There are 2 protein chains.
Amino acid sequence: MFSVSARTQYAIRAMTCLATKPDRSSTSAEIAQAENIPAKYLEGILSRLKAFGLIESERGKNGGYRMAKNPSDITMLEIVEAIDGRIKPVTCVDAIGACAQGAACHPRNFWIGLKSTIDAYLAERTLKDVAQG
Amino acid sequence: MFSVSARTQYAIRAMTCLATKPDRSSTSAEIAQAENIPAKYLEGILSRLKAFGLIESERGKNGGYRMAKNPSDITMLEIVEAIDGRIKPVTCVDAIGACAQGAACHPRNFWIGLKSTIDAYLAERTLKDVAQG
DNA sequence: TTAATTCCTATCTGGATAGTAGGAATATAT
DNA sequence: ATATATTCCTACTATCCAGATAGGAATTAA
Ligand code: FES
Ligand code: FES
């Protein structure tokens, strides 16, 4: 319950790794080793982060990844959503009536409130905050 | 990510159902129909809630389930933990060093803070609040 | 041309989640 | 007593998906 996927934990570790080396670019293999992440698996994660505009990359020899923005301009919510999409504690947060109680469903507001709370926590913290501890 | 298991959603619906009928006892089948929950599956859920002291039951004809406490004395955190155990966004919330960064792991405090935030949200709300909408 | 790298697609696997089945134990009513 | 209604217990199945791996195509620098 409420568990964070390995993918997301990996993504955050990878981002903190890049955040501490803003000057140069790091290869996937380098990050994998430093952060103890399965190398091939990490490639896919970095792809997503790039697709979301959080990091940049260059191919070929001497290629690698680096931050696309300042760490203080990246919220943890952005990273989480890049990897796992929009947070939905229950399906009905977006689509009303998922539980056959329709609009009369009492727990629904409770779940929506939970989502807001989680979102707020994540949005309030930047990669810079987390990278510093 | 952060998704709520069907079990927990069922449990909460079942509890709200019972909370609105404090005078009498409801059968498992009755709750299942009212809340649109697979009947056999619900039985197992009610067992857990009982084991946790949140509801009481009586077997045999005219048997059924009823609240063991006042809904205003049951927090949502109790219900969630009865069903899915202690909330652990990441394994290292309880066991330090799960990520091979050991005590030096920066994201760890971030995750611990997230857990506290979720726990607080759930602990602040009672079944009564949720049953009323 | 070689080596190093990102990038793309496909596949495997284990474990968890959701749900089902069948029946034993227990209580009530008639 | 007997039938009936219920909780309670154990085991099983199916399905899905996260996590991981494999192989190679495209790209770039030396
Ligand atoms: S609409 Fe989501 S629990 Fe009812
Ligand atoms: S100890 Fe948990 S992410 Fe590092």
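Worth saying up front: this structure is predicted, and the values here are computed from it rather than measured. Here is the naming used below: chain letters follow the sequence lines, and residue numbers restart at 1 for every chain.
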Side-chain N or O of Y10(A) less than 4.0 angstrom from OP1 or OP2 on dA20(D)? yes
Rounding to an integer number of Å, can you tell me how far L46(B) CG sits from dC9(D) P? 13 Å
Base, sugar-phosphate, or nothing for G44(A), non-hydrogen atoms under 4.0 angstrom? nothing
E43(B) side chain: which of dC8(D), dT6(D), dC7(C) is closest? dC8(D)
Per the atom types in the model, does the base of dG19(D) pair as donor or acceptor with the side chain of K40(A) at under 3.5 Å? no
Choose from dT20(C), dT6(C), dT7(D) the nucleotide whose nearest atom is closest to any side-chain atom of Y65(B). dT7(D)
For S57(B) and dC8(D), is the shortest distance between a side-chain N/O and OP1 or OP2 below 4.0 Å? yes
The side chain of S5(B) is closest to which nucleotide in this list: dC8(D), dA18(C), dT21(D)? dA18(C)
Is it true that E78(B) and K69(B) make a salt bridge, defined as a side-chain N closer than 4.0 Å to a carboxylate O? yes
Distance in angstrom units between R13(A) CZ and dG19(D) C1', rounded: 14 Å
Once you round it to whole Å, what is the distance between P of dT6(C) and CG of L18(A)? 11 Å
Can you confirm whether S72(B) sits close enough to L127(B) that some side-chain heavy atom of one is under 4.5 Å from a side-chain heavy atom of the other? no
For the pair made of CD in E56(B) and C1' in dC8(D), what is the distance, rounded to whole Å? 17 Å
Check the distance between dT6(C)'s P and R48(A)'s CZ and give it to me in whole angstrom. 18 Å
Gap between atoms CD and P, on Q9(B) and dG19(C) respectively (whole Å): 11 Å
How many whole angstroms separate atom CG of L42(B) from atom P of dG19(C)? 11 Å
Less than 4.5 Å apart, side chain to side chain, heavy atoms only: is that true for I12(B) and W111(A)? yes
Looking at R24(A) and E30(A), does any basic side-chain N land under 4.0 Å from a carboxylate oxygen? yes
For K61(A) and for R7(A), find the nucleotide of DNA chain D with the closest heavy atom, then tell me which residue's nucleotide is more 5'. R7(A)
Does the cation-pi check pass for R48(B) over F52(B), that is, NZ or CZ under 6.0 Å from the six-membered ring centre and within 45° of its axis? no
Quick one: R24(B) CZ to dT6(D) P, roughly how many Å, whole number? 11 Å
Output the single nucleotide from dC7(C), dA18(D), dT28(C) whose closest atom is nearest the side chain of N62(B). dT28(C)
Can you figure out which of dT21(D), dG19(C), dC7(C) approaches the side chain of Y41(A) most closely? dT21(D)
